[in-house]
Amino acid sequence: MSAVLKDVPRLERMQARDLDEVMAIEDVIYTHPWTRGNFTDSLTAAYECRTWRVGGELVGYFVLMIGAGEAHLLNLSIAPAYQRSGHGRSLLREVVDIAGRLGAKSIFLEVRPSNTAAQSLYAKFGFRRIAVRRDYYPANSGREDALVYTLPLK
Ligand SMILES: CC(C)(COP(=O)(O)OP(=O)(O)OC[C@H]1O[C@@H](n2cnc3c(N)ncnc32)[C@H](O)[C@@H]1OP(=O)(O)O)[C@@H](O)C(=O)NCCC(=O)NCCS
């Protein structure tokens, strides 16, 4: 493969064999990471789980649940070394594309109020904040609210 093609990010279906690499990222980027079991359950439930690789290296991944015309983005993550290089935006574009192709009319997601980076990404993408779920997330001291965002799809 040419060097140029090698550097083009590739979107692939997440498989059980990806989970060591997924967990290595998950454990360093979240204060309260998903467990391996959360990913295994998502694969078993046939949620839309994808990896995003550059030159074979895992750069990011997402888990998207689709049902009854709605998509719910459960996890979107970029490895620390690759953050702030446009991968989050590119991966979110793939999320929107897959949700639309599979018939979702809108996408919903939750984000921590403390996660201003993700909020900025979603806002730039056209997501609107529509609700607050009180005490939704575990936090280092007690619980943290979740901000609910949505994006209507055409
Ligand atoms: C949030 C996350 C997915 C963004 O991915 P990324 O590849 O770093 O983002 P991009 O480089 O595509 O940036 C897109 C936009 O996101 C926002 N953004 C990303 N990182 C940011 C940061 N550290 N501070 C402020 N804004 C940030 C900016 O608005 C940015 O647009 P800009 O480049 O025009 O400023 C990534 O930081 C991540 O995986 N964080 C940990 C896991 C997480 O919080 N996931 C979301 C849970 S809801």
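Atoms within each ligand, like the ligands themselves, are counted from 1 in listed order.
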For this session: Could you see which bit of Ser90 sits under 4.0 Å from ligand 1, with heavy atoms only: side chain, backbone, both or neither?
Result: neither

Problem set entry | Polar proximity ligand 1 side, Ile78 side, N/O cut 3.5 Å exclusive | yes

For this session: Taking the six-membered ring for Trp and the full ring for Phe, Tyr or His, determine whether the centres of Trp52 and Tyr61 are under 6.0 Å apart.
Result: no

Exercise. Would you say the side chain of Asp41 lies within less than 4.5 Å of the side chain of Trp34, judging by non-hydrogen atoms?
Worked result: no

Exercise. Quick check: does Thr116 get an N/O under 3.5 Å from an N/O on ligand 1?
Worked result: no

Exercise. Ignoring hydrogens and geometry, is there a side-chain-to-backbone donor-acceptor pair from Asn115 to Arg112 under 3.5 Å?
Worked result: no

Exercise. Which atom pair, heavy atoms only, marks the closest approach of Leu153 to Ala104?
Worked result: CD1-O, 3.4 Å

For this session: Answer yes if the ring centres of Phe127 and Tyr149 are under 6.0 angstrom apart, and no otherwise.
Result: no

Seminar exercise, completed: Honestly, for Phe62 the part within reach of ligand 1 (heavy atoms, under 4.0 Å) is neither

For this session: Indicate yes or no: does an N/O atom of Tyr82 lie under 3.5 Å from an N/O atom of ligand 1?
Result: no

Exercise. Less than 3.5 Å between some nitrogen or oxygen of Leu76 and one of ligand 1, yes or no?
Worked result: yes

For this session: Verify the distance criterion only: is there a donor paired with an acceptor across the side chains of Ser77 and Asn75 at less than 3.5 Å?
Result: yes

Problem set entry | Sub-3.5 Å N/O-N/O distance, Gly88 and ligand 1 | yes

For this session: Could you name the option among Gln119, Arg84, His87, Arg112 that has the heavy atom nearest to atom 35 (O) of ligand 1?
Result: Arg84

Exercise. Should the proximity of Asn115 to ligand 1, defined as any heavy atom under 4.0 Å, be assigned to the side chain, the backbone, both, or neither?
Worked result: side chain

Problem set entry | Where ligand 1 meets Tyr122 - atom numbers and elements under 4.0 angstrom, heavy-atom basis | 46 (C), 48 (S)

Problem set entry | Cationic N near anionic O, under 4.0 Å, Arg36 to Glu26 | no

Problem set entry | Selected option - heavy-atom contact closest to atom 21 (C) of ligand 1, from Ala117, Gly60, Ser77 | Ala117

Exercise. Contact between Glu110 and ligand 1, counting heavy atoms under 4.0 Å?
Worked result: yes

